Amino acid sequence: MPQSRIFSGIQPSGELHIGNYLGAVKNWVSLQRQYESFFCVVDYHAITGPYVPDDLRRRTRDMVVSLLASGVDPSACTLFIQSAVPEHTELAWIFNTITPIGELERQTQFKEKSARQESILAGILNYPVLQAADILLYKANLVPVGEDQVQHLELSREISRRWNAKFDPAYIAALEARSGAAAESAKESSAEDLVGFFPEPKALLTPTRRIMGLDGQAKMSKSLGNTIGLLEEPKDIWEKLRPAVTDPARVRKTDPGTPEICNIYHLHKAFSDPATVEHVAVQCRTAGWGCIDCKKVLFESMDRELTPIRNRAKEIRSDPSVIDEPLARGAEHARDIAGDTMRETKHMMGLT
Ligand code: AMP
Ligand code: TRP
């Protein structure tokens, strides 16, 4: 079994929010020394919606600052910008030629995004194909992401299997041997355990795989305006936390609540120590605390984790070389590996 490689990507939406941080980036940081890791700011994905070029440039840079401040360490991983490695779009084109449109139209994110557009761009439909190319270019088998990406990863696996079954002679031979054996024993054959030229990447999820927005209604998401930014100033964080939705049954301070249905309790589980989480749950159930008391304690826990990150971001911004040098090194390393994968891929496909 080859050594596991990690790949993950994030769109350059500017500042990270705590959903991105808890669902994905914190996991990148804890895994980056355990596996050979590639982390990418996916600007080609970001241009599938309307945007202003100068804003995209600034947002891409700000995202790199947020990642570095969160603890992504370029001496332990490969950090780069997607458009610095042209092989991503080259492999995406190839994968487009083996992907049925129906599978792309079934993607939940496509349905959501296209419902908001009058004229649907082909880039939105093909977005997950580019994502599969991102991952498979590095033959990564593990992908630390939030829950909303699980369906995209399912498609990446499908694309990998389909390409291997069309173009990888060793994989095709193994499939044929397998189906012969399966026919004899009248069993269903499954290709899941066969290792082909491209691996089948799996999602790595955290317990905080789906952070809800402050409205308590939907996933925390920049486009819904229900986020807390990772680098926001404490007073701005408190202004957002104070009115955030809690258990609706707690109308008065004396009403007992149910922590499990309260978004603030779930944020405690992400930011507070276990003893505090336990205490919060008891205070909520017995109406010992009002929701504001509970939020004040959450604010303190968040501040403990986020203040060092915010301070690091300020330091990083004051020294451009801290950003530019690792990105240049990262892109060079990524291009080396991506170039090798493309040479082999094209050869196997009869592209000279
Ligand atoms: P994006 O900003 O859409 O590029 O997302 C970057 C990463 O953050 C992906 O791995 C997402 O799955 C993850 N993510 C985004 N929103 C949330 C959320 N509300 N809860 C948990 N993870 C999230
Ligand atoms: N689609 C992902 C998101 O919106 C971002 C992404 C692009 C990604 N390429 C990737 C995530 C490859 C993991 C692996 O969050």
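For ligands, and for the atoms within them, numbers begin at 1 and follow the listed sequence. Bear in mind the structure is a predicted one, so any value in this text is a computation, not a measurement.
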(request) Supply the members, apart from Ile47, of the Ile/Leu/Val/Met/Phe/Trp/Tyr cluster built from side-chain contacts under 4.5 Å; use none for a lone residue. (result)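 Tyr44, Tyr51, Leu56, Leu130, which link up through side-chain heavy atoms under 4.5 Å apart, make up the rest of the cluster.
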(request) For Gln283, check side-chain contact (heavy atoms from CB on, under 4.5 Å) against everything at least two apart and list the hits. (result)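 Gln283: side-chain contact (heavy atoms from CB on, under 4.5 Å) contacts with His279, Trp289.
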Between [Y] and [X], is the closest basic N to carboxylate O distance under 4.0 Å?
X	Y	answer
Arg162	Glu158	yes
Arg59	Asp62	no
Lys240	Glu232	yes

(message) Quick check with a 6.0 Å cut-off and a 45 degree axis cone: is Lys166 positioned over the face of Tyr171's six-membered ring?
(response)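 Cation-pi check for Lys166 and Tyr171: fails.
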(message) Residue by residue, ordered by chain and number, which ones reach under 4.0 Å of ligand 1 with a heavy atom?
(response)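 If the criterion is a heavy atom under 4.0 Å, then ligand 1 touches Ile10, Gln11, His17, Gly19, Asn20, Gly23, Ala24, Val145, Gly146, Asp148, Gln149, Thr208, Arg209, Arg210, Ile211, Lys219, Met220.
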(message) Once you measure the plane-to-plane angle for His88 and Tyr138, does it fall in the parallel (<30°), tilted (30-60°) or perpendicular (>60°) bin?
(response)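 His88 and Tyr138: tilted rings.
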(request) Classify the angle between the aromatic ring planes of Phe38 and Phe80 as parallel (below 30°), tilted (30 to 60°) or perpendicular (above 60°). (result)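 Rings of Phe38 and Phe80: perpendicular, as their planes differ by over 60°.
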(request) State the CD-CD distance between Gln151 and Gln149, to the nearest 0.5 angstrom. (result)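 So the gap between those two atoms works out to 10.0 Å.
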(request) Can you tell me which residues line ligand 2 if we count any heavy atom under 4.0 angstrom from one of its atoms, in chain and number order? (result)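 Contacts of ligand 2 under 4.0 Å: Phe7, Ser8, Gly9, Gln11, Val42, His45, Tyr127, Gln131, Asp134, Ile135, Val143, Val145, Gln149.
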